[in-house]
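Everything below concerns the one structure shown next.
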Amino acid sequence: MVGDPIIELVDVSRSYQLGPTTVRALAGCTLSISRGEFVAVMGPSGSGKSTFLHILGLLDRPNGGSYRLEGEDVGGLSDNRLAYLRNRRMGFVFQQFHLLPINTALENAELPLIYAGRSSCRSEALARIREVGLAGRAGHLPNELSGGERQRVAIARSLVNDPAIIFADEPTGNLDSVSGEEIISLLESLNRRGKTVIMVTHEERLAGRAGRVIRMRDGEVVSDRRREGKPAAPGAVWPEPPPAESCPVSHSGRAVLKDHLRESLRAVFSHRLRSFLSMLGILIGVGAVIAMLALGAGAKEAIERDLARLGSNLLMVRPGSRTVRGVRMETGSVTRFTLQDAEAMGKLPDIRRVSPSVSGRGQLVRGNRNWNTRLQGVGVDYPDMRSAEPVEGRFFTGDELRRRDRVAVLGATVVRELFGEAGPVGAEIRINRQNFRVVGVLPEKGSHTWRDLDDEVLIPITTAMYRVMGKDYVDSIDVEVAAAGRMEAAEEELRQLIIQRHRLGPDREDSFQIRNMAEIQETIQSTTRTMSMLLGSIAAISLLVGGIGIMNIMLVSVTERTREIGIRKAVGASRKDILVQFLIEAVVMTLSGGLAGVLLGAGISWLLSSLAGWTVRVTPFSVILAGAFSVLVGLVFGLWPARQAARLSPIEALRYE
Ligand code: ADP
């Protein structure tokens with residue numbers, strides 16, 4: 001049964017540097033172990049048994065000497081190659097079982113299959129679980145199993161990739177004598193089937209079951225005895241497992257990714273509260289981004305709609321603002337326009353009609369109802385120029401304007417607030433303590449993002465100036481140009497007229513402004529854009545904070561799960577496997593946080609539009625942006641913790657308390 005050398009050590013040593021002192025855990029060890037041997041390693045505590053086993057098991061690297069495993073010198077091998085050898089050529093059984101607590105017995109047994117790319121042969125893991133007598137407990141978590149059962153799961157796990165060597169580190173150390181006996185029998189039976197078994201123990205009774213006993217003291221092998229003709233131990237002889245080739249290695253990236261995804265999801269779901277808390281940052285960030293962008297897009301849309309309704313060949317004449325040493329001056333040097341200016345403008349050849357306007361606030365009273373609104377004095381051409389022909393009643397007439405009559409045309413919101421459902425035309429209301437007669441109701445314009453366009457009252461400009469506001473100048477003059485092609489000419493005519501009427505010198509030509517709708521549109525759009533960008537960047541900062549939160553949680557989780565990482569590495573996970581798993585975990589958290597954030601953002605937008613009546617528009621672009629951003633946050637902030645996890649040495653990680 002015993003064959004060619006499977007392990008050859010020449011002068012292998014391992015020492016640890018503890019501050020100034022060097023601890024020699026293994027001091028020059030030379031020996032060879034043949035295929036099919038059952039070796040027990042004995043010695044007092046601290047004699048270097050575990051160090052010896054860890055070096056043989058490729059969990060730790062020696063400081064000196066050479067180690068050949070199945071003829072291959074492992075001294076210069078990369079971490080990845082070592083992981084491969086641990087995965088395919090060896091199995092481990094530890095005193096502390098080292099099962100993953102959130103995986104069932106079967107899932108624990110499957111773990112080496114995943115790292116071998118053989119996860120399609122789950123039947124193999126189930127077969128091994130059956131072999132160790134746990135068929136009925138495959139779906140149980142480790143903490144639902146007895147110590148002996150846990151150790152049997154560990155043995156099943158060590159066997160799934162049909163390894164050549166089984167390493168057992170005090171496999172019965174945490175078990176009662178009956179369970180211990182079962183485990184030893186299992187190991188014996190494996191040995192009879194041809195596996196090389198190397199077991200560390202401090203019990204003579206167990207060592208007696210092995211065919212060879214190596215004794216150590218102070219890091220050195222002090223005796224090495226083979227027991228010739230050791231009688232075959234009683235116990236079950238297992239049937240030979242089906243050849244491993246029956247279950248091919250899958251190199252498809254998709255299958256591997258699927259396995260990693262499953263492991264990551266399990267980790268995310270087993271720490272629900274922690275995962276949720278770390279998602280919260282991303283959730284709020286993305287929700288804010290979506291809502292802010294929706295608000296910006298809605299504002300833009302609303303403004304464009306309003307501007308389109310205004311007509312394109314409108315010019316607006318307003319007093320200008322002067323800048324003196326960087327400070328805007330609104331009064332003094334600005335040109336104030338009068339009704340006579342407006343009248344003169346109306347007579348220019350390229351101008352069809354004009355409507356001067358003043359605006360202020362109006363306190364409206366009807367019976368016991370009060371309403372504060374925007375009060376505008378306008379000219380009689382206003383409804384034609386602004387497509388605001390009353391839907392009920394009529395607009396005020398030129399006569400009423402000349403007589404400064406107290407007549408008012410109400411916006412829809414004002415009607416609702418003062419009259420409810422009853423028809424307002426003909427009714428008397430008080431505006432700033434004066435009696436007005438309602439003559440008409442304006443068509444509904446819909447609401448703007450931040451301001452309700454129907455919340456206004458129009459009265460004749462003369463009444464507004466002389467009776468209500470006490471002004472003898474107008475705030476602005478809307479001018480409609482006769483033909484779209486004459487806009488520039490009309491603008492020039494207006495400019496000359498104003499300069500001439502107000503006797504403006506060349507230094508005061510900026511004391512008034514003539515703006516056309518295209519310009520206004522552009523200004524408003526760029527303002528909206530700036531606003532959306534501002535809101536968006538505030539939201540992006542919260543995303544950043546969310547990302548740092550994820551990183552924080554992931555770093556904590558790397559420390560907390562050091563042991564888990566050690567177990568995964570011991571059964572053959574490479575650096576890349578660990579890196580990918582942690583990255584996937586981070587991305588799963590940020591992406592699901594992001595998706596929930598999209599829903600939250602859409603919900604907030606819906607609330608804003610239905611409660612506040614604002615125009616909001618959730619665009620596909622913002623959803624894609626938020627989704628991509630949350631994946632990016634996961635990758636960027638998950639990378640560091642994932643690298644920390646991937647870099648851990650298997651034995652350091654396993655030893656971590
Ligand atoms: P055994 O398994 O026989 O009890 P070990 O192999 O665990 O012995 O340890 C052998 C010696 O090496 C002990 O003196 C121990 O303190 C030391 N040692 C083991 N691991 C480390 C480590 N990671 N850092 C420092 N010293 C260590």
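Atoms within a ligand are numbered from 1 in the order they appear, just like the ligands themselves.
- Among Lys49, Met42, Gln17, the residue whose heavy atom sits closest to atom 3 (O) of ligand 1 is Lys49.
- Nearest heavy-atom pair, Arg150 versus Phe97, reported as atom, atom and distance to 0.1 Å: CD-CD1, 3.8 Å.
- Ligand 1 has no N or O atom lying under 3.5 Å from any N or O atom of Glu652, backbone or side chain.
- Proximity of Pro44 to ligand 1 is established by a heavy-atom distance of less than 4.0 Å.
- Neither the backbone nor the side chain of Met216 has a heavy atom within less than 4.0 Å of ligand 1.
- For Arg14, the closest heavy-atom approach to ligand 1 does not fall below 4.0 Å.
- Looking only at heavy atoms of the protein, atom 6 (O) of ligand 1 is closest to Thr51 OG1, 2.5 Å.
- Scanning the protein for heavy atoms near atom 14 (O) of ligand 1, the closest one is Val23 CG1, 3.8 Å.
- Between Glu181 and Ser177, the side chains place no donor N or O within less than 3.5 Å of an acceptor N or O (distance only, hydrogens not considered).
- Within the 4.5 Å cutoff, the side chain of Glu560 has heavy atoms near those of the Arg274 side chain.
- Counting heavy atoms closer than 4.0 Å to ligand 1, residue Leu18 contributes side-chain atoms (C-beta onward) but none from N, CA, C or O.
- Residue Gly46 has at least one N or O atom closer than 3.5 Å to an N or O atom of ligand 1.
- Residues Glu263 and Asn103 form a side-chain contact, since some pair of their non-hydrogen atoms from C-beta on lies under 4.5 Å apart.
- When atom types are taken as modelled, the side chain of Lys569 and the backbone of Ala646 share a donor-acceptor pair closer than 3.5 angstrom.
- Distances between N or O atoms of Gly48 and those of ligand 1 include at least one value under 3.5 Å.
- Looking at heavy atoms from C-beta onward, Leu635 lies out of side-chain contact with Thr590 at the 4.5 angstrom threshold.
- Leu82 contributes atom CG, which lies 14.5 Å from atom CZ of Arg89 (distance to the nearest 0.5 angstrom).
- In this structure, the protein non-hydrogen atom closest to atom 23 (N) of ligand 1 is Arg655 NH1, 3.1 Å.
- At a threshold of 4.0 Å, the pair Glu131-Arg193 counts as salt-bridged, since one of the basic side-chain nitrogens sits closer than that to a carboxylate oxygen.
- For Asp218, the CG atom is loosely surrounded, since the number of other residues' heavy atoms within 6.0 Å does not exceed 12.
- Using a 3.5 Å distance cut-off with no hydrogens or angles, the side chains of Tyr115 and Arg86 do not pair a donor with an acceptor.
- The protein heavy atom nearest to atom 27 (C) of ligand 1 is Tyr16 CD1, 3.3 Å.
- The nearest protein heavy atom to atom 18 (N) of ligand 1 is closer than 4.0 Å.
- Of the protein's heavy atoms, Ser50 OG, 2.6 Å lies nearest to atom 2 (O) of ligand 1.
- Of the protein's heavy atoms, at least one falls inside 4.0 Å of atom 11 (C) of ligand 1.
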